[in-house]
Engineer: 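I'd like to ask some things about the structure below.
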2 protein chains.
Amino acid sequence: MKNDRPRIRDVARLAGVSTATVSRVLSNPEVVAQETRASVQSAIAATGYRLNQAARNLRHRRTGGIVALVPNLANPFFAQILSGIASVLGPAGYNLLVADTSADGAGRLLDYAEPSRADGLIVLDGALPAAALTGRVPLVEACEWVPGLSAPRVKIDNRAAAGLAVDHLADLGHRRIGHVAGPPGNVLSIARLGGFRDRLLARGLPLDGAAVYQGDFSLDSGQAAAAEWLAQPPGERPTAVFLASDAMACGFIAEVQRHGLAVPRDLSVIGFDDIELVSHVWPPLTTIRQPRRLIGRAAAERLLRRLETRDTEDDDTILPVELVVRGSTAAPGPALG
Amino acid sequence: MKNDRPRIRDVARLAGVSTATVSRVLSNPEVVAQETRASVQSAIAATGYRLNQAARNLRHRRTGGIVALVPNLANPFFAQILSGIASVLGPAGYNLLVADTSADGAGRLLDYAEPSRADGLIVLDGALPAAALTGRVPLVEACEWVPGLSAPRVKIDNRAAAGLAVDHLADLGHRRIGHVAGPPGNVLSIARLGGFRDRLLARGLPLDGAAVYQGDFSLDSGQAAAAEWLAQPPGERPTAVFLASDAMACGFIAEVQRHGLAVPRDLSVIGFDDIELVSHVWPPLTTIRQPRRLIGRAAAERLLRRLETRDTEDDDTILPVELVVRGSTAAPGPALG
DNA sequence: TCCCGCGATGTAATCGGTTGCAAATGATTC
DNA sequence: GAATCATTTGCAACCGATTACATCGCGGGA
């Protein structure tokens with residue numbers, strides 16, 4: 001069962017050549033004479049030979065693997081980014097290894113940033129310690145980023161995206177606009193909150209401290225924010241809310257509906273991400289679309305380029321977002337506007 | 001940058017021992033004398049030595065990797081199973097490699113089922129060709145399974161689970177119960193549809209052909225099924241629907257709500273899977289919970305056992321499901337019951 | 001005719017650990 | 001005191017490919 005796997009030696013013997021020639025046929029066919037090449041190839045077919053990757057990797061001092069560090073694998077948002085990454089890596093001859101940073105102890109993370117384990121790293125978690133990632137394998141960051149870490153980044157313009165959301169609500173006539181932020185300290189939360197504030201100011205809208213709710217991107221936290229909102233007097237609370245993630249928006253809307261209010265009649269809601277689901281709930285969610293698969297693809301391509309050319313430029317790739325208007329936003333109701 | 005990575009030789013030299021001893025300290029510390037071990041360990045620390053996995057793997061004739069074949073990485077359902085798999089594999093010293101069977105061409109799949117690439121396989125896609133998987137690396141199937149493939153399986157009792165759903169609706173007083181099935185030919189669709197029919201029969205409820213709608217597990221197909229349901233005369237259509245996935249249930253409910261009907265007032269809905277989201281929509285969805293992380297863990301553990309003991313038993317691990325009653329089901333309204 | 005160059009192939013070192021076997025050392029037993 | 005044994009360590013072959021360098025034949029130019 002084990003030793004019956006043919007090795008390069010067996011192929012060489014059958015073809016009547018040396019292992020070197022077989023190896024050349026495998027990786028550099030053009031240097032081998034036509035005739036020899038053909039006989040080697042038929043010997044490969046006859047023996048059913050398959051290259052041993054571990055051996056090749058050892059010799060080449062590479063692993064053929066790229067590790068993606070994901071904050072939470074169970075989050076569908078990342079699933080689609082991974083899907084994009086995989087679609088680039090596979091054809092390029094790399095394996096995608098997935099590591100969940102929330103599941104692993106901190107120690108194991110270092111193991112992944114090992115040249116003997118992976119040729120490169122795609123970091124999707126901005127909460128990792130920069131020190132653990134510095135000076136190890138080539139890496140790129142996608143979506144989130146680690147402050148102080150020098151690496152190419154693939155991301156969106158979160159500030160501008162938040163501005164889009166505010167503009168949409170303001171254009172509809174809303175003046176009291178709220179925001180449910182992501183986890184404190186998170187780079188995305190900060191950028192989106194900043195964009196929210198800036199645009200409010202730019203449009204001369206009131207920036208009421210009471211209208212910023214603390215969340216953490218999760219469904220639950222959206223629900224909790226809605227509870228806060230519901231507790232405010234109807235005449236004072238925002239007539240429209242911009243949430244830093246679709247998941248929170250879903251939780252928020254459900255809680256509001258549970259109390260007998262209707263969206264967008266009593267409240268306009270806009271989310272962030274455009275996860276697949278939100279176009280299929282009622283009301284369908286207005287949101288800012290992030291090109292998730294594209295982000296994954298771009299990050300993977302950037303990493304491959306770095307691996308091949310050994311460039312050291314830390315450029316940012318900014319991908320476009322899009323305002324997707326659906327049914328959860330409308331002009332403020334006359335009673336409350 | 002490259003050659004400054006210390007090798008085992010460097011550690012050996014510093015510690016004044018042979019490479020064999022260093023290797024033993026690394027993998028079999030107890031056979032090395034206390035004193036020697038300590039000096040080797042401090043030499044390791046001093047040099048910053050890190051084991052080269054590729055070399056160890058070559059010698060051990062293993063790769064240290066387990067491949068999970070996922071039908072669609074973008075589907076959150078699988079994300080959580082992967083998370084469970086990763087949580088077992090990591091501590092056991094294996095890497096999780098993820099391959100998306102929808103993205104890859106058929107050819108590449110075989111590459112993954114290669115002993116030189118992966119030590120084992122976790123198959124989550126029942127639509128793969130059995131022939132491509134037979135006689136290759138050790139594998140286990142999880143959730144879905146490939147008919148005719150001999151392998152241990154980790155799954156739930158889909159028939160019984162469907163029965164639970166029917167029982168719940170029937171107990172509430174519903175007599176006209178519909179079903180939205182998964183993709184035709186899918187093993188899960190068949191089992192759930194079968195369980196649905198059986199339980200209807202067992203309880204003496206009418207099995208109306210018009211009450212089985214074709215779906216494919218997706219949100220869109222749930223919406224389409226709802227359109228069919230809406231097109232039926234209110235007096236004839238089911239008062240309750242059991243859907244083979246939560247995603248379809250979400251699409252179904254949204255479409256029904258869009259037409260001004262309310263759940264569960266005008267229609268009871270029960271889903272399948274209990275994806276995280278459905279407890280945070282309005283109304284929260286009654287559903288059958290699949291222990292997804294547990295399925296992942298169990299599959300990984302089963303595979304590890306197979307790898308270690310080389311057992312060849314093709315046992316089935318059946319994990320329990322649970323009826324989760326939330327707000328989307330209720331007794332039929334008097335007008336329609 | 002001799003030498004040089006070029007293409008095709010073989011030889012053998014190498015990638016970096018692992019491990020069967022043997023040797024050395026000290027302890028135990030008769 | 002010799003024989004036996006357990007413990008600890010080193011030697012060197014090995015895992016399976018890759019590749020720098022050497023070799024060989026052959027054709028063309030001087």
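Protein chains get the first letters and strands the later ones, always in sequence-line order, with residue 1 at the start of each.
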Engineer: Determine to 10° how strongly the helix from C:dT1-D:dA30 to C:dC30-D:dG1 is bent, judged from the axes of its five-pair ends.
Structural biologist: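 It comes to 60° between the two terminal axes.
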Engineer: Tell me the interatomic distance from A:Asn57, atom CG, to C:dG17, atom P, rounded to whole angstroms.
Structural biologist: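 So the two atoms are 15 Å apart, to the nearest Å.
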Engineer: For B:Asp315, what residues pass the salt bridge (charged side-chain N to carboxylate O under 4.0 Å, His left out) criterion, not counting sequence neighbours?
Structural biologist: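 Per chain and number, B:Asp315 pairs via salt bridge (charged side-chain N to carboxylate O under 4.0 Å, His left out) with B:Arg302, B:Arg305.
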Engineer: Using atom CG of A:Asn28 as one end and atom C1' of D:dA17 as the other, report the distance to the nearest whole Å.
Structural biologist: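 Taking CG of A:Asn28 and C1' of D:dA17, I get 14 Å after rounding.
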Engineer: Taking 4.0 angstrom as the limit, do B:Arg306 and B:Asp314 come out as a salt bridge?
Structural biologist: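 Answer for the salt bridge query: yes.
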Engineer: Whole angstrom is fine here: how far is it from CD in B:Glu30 over to P in D:dT9?
Structural biologist: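 Rounded to the whole Å, the gap is 13 Å.
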Engineer: Less than 3.5 Å apart, which donor and acceptor atoms pair up between the side chains of residues 124-134 of chain B and the rest of the protein, not counting sequence neighbours?
Structural biologist:
unit_1   : atom_1 : unit_2   : atom_2 : d
B:Asp125 : OD1    : B:Ala127 : N      : 2.8
B:Asp125 : OD2    : B:Thr101 : OG1    : 2.8
B:Thr134 : OG1    : B:Ala130 : O      : 2.6

Engineer: Between C1' on C:dT11 and CZ on A:Arg9, what's the gap in Å once rounded to a whole number?
Structural biologist: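 After rounding, the reported distance stands at 14 Å.
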Engineer: Using distance only, find each side-chain donor-acceptor pair of residues 67-81 of chain B under 3.5 Å and give its atom names and separation, not counting sequence neighbours.
Structural biologist:
unit_1  : atom_1 : unit_2   : atom_2 : d
B:Asn72 : OD1    : B:Ala74  : N      : 3.0
B:Asn75 : OD1    : B:Phe77  : N      : 2.8
B:Gln80 : OE1    : B:Arg292 : NH2    : 2.8

Engineer: Who pairs with A:Pro115 by side-chain contact (heavy atoms from CB on, under 4.5 Å), at least two apart in sequence or on another chain?
Structural biologist: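 By the side-chain contact (heavy atoms from CB on, under 4.5 Å) rule, A:Pro115 matches A:Val137, B:Arg5.
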Engineer: Write down the distance between CD (A:Gln53) and P (D:dC15), rounded to a whole number of angstrom.
Structural biologist: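 A:Gln53 atom CD is separated from D:dC15 atom P by 19 Å.
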Engineer: Taking only residues two or more places apart in sequence or in another chain, which ones pass salt bridge (charged side-chain N to carboxylate O under 4.0 Å, His left out) with A:Arg9?
Structural biologist: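 With neighbours one apart ignored, the set is empty.
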Engineer: By nearest nucleotide on DNA chain D, pick out whichever of B:Leu58 and B:Arg37 is the more 5' one.
Structural biologist: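 First, find each residue's nearest nucleotide; the 5'-ward one identifies B:Arg37.
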Engineer: Provide, to the nearest angstrom, the distance between the CZ atom belonging to A:Arg7 and the C1' atom belonging to D:dC14.
Structural biologist: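 So the two atoms are 10 Å apart, to the nearest Å.
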Engineer: Is any side-chain heavy atom of B:Leu139 closer than 4.5 Å to one of B:Leu149?
Structural biologist: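 Yes, close enough: below the 4.5 Å cut-off.
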Engineer: How long is the line joining CD of B:Glu35 and C1' of D:dT9, in whole Å?
Structural biologist: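 Value for this atom pair: 13 Å.
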Engineer: So, using salt bridge (charged side-chain N to carboxylate O under 4.0 Å, His left out) as the criterion, who are the partners of B:Arg153 when residues are at least two apart?
Structural biologist: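 If we apply the salt bridge (charged side-chain N to carboxylate O under 4.0 Å, His left out) test to B:Arg153, skipping adjacent residues, the hits are B:Glu141.
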Engineer: Checking B:Arg297 now: which residues fulfil side-chain hydrogen bond (donor to acceptor under 3.5 Å, both in side chains) with it, not counting sequence neighbours?
Structural biologist: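 Here the qualifying residues are B:Ser87.
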Engineer: Please state how far atom CZ in A:Arg13 lies from atom P in C:dT9, giving the value in whole angstrom units.
Structural biologist: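 In whole Å, C:dT9 P and A:Arg13 CZ are 19 Å from each other.
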Engineer: How would nucleotides 18-23 of chain D be written as a contact map, 5' to 3', with B for base contact, S for sugar-phosphate-only contact and - for no contact, using protein heavy atoms under 4.0 Å?
Structural biologist: BBB---
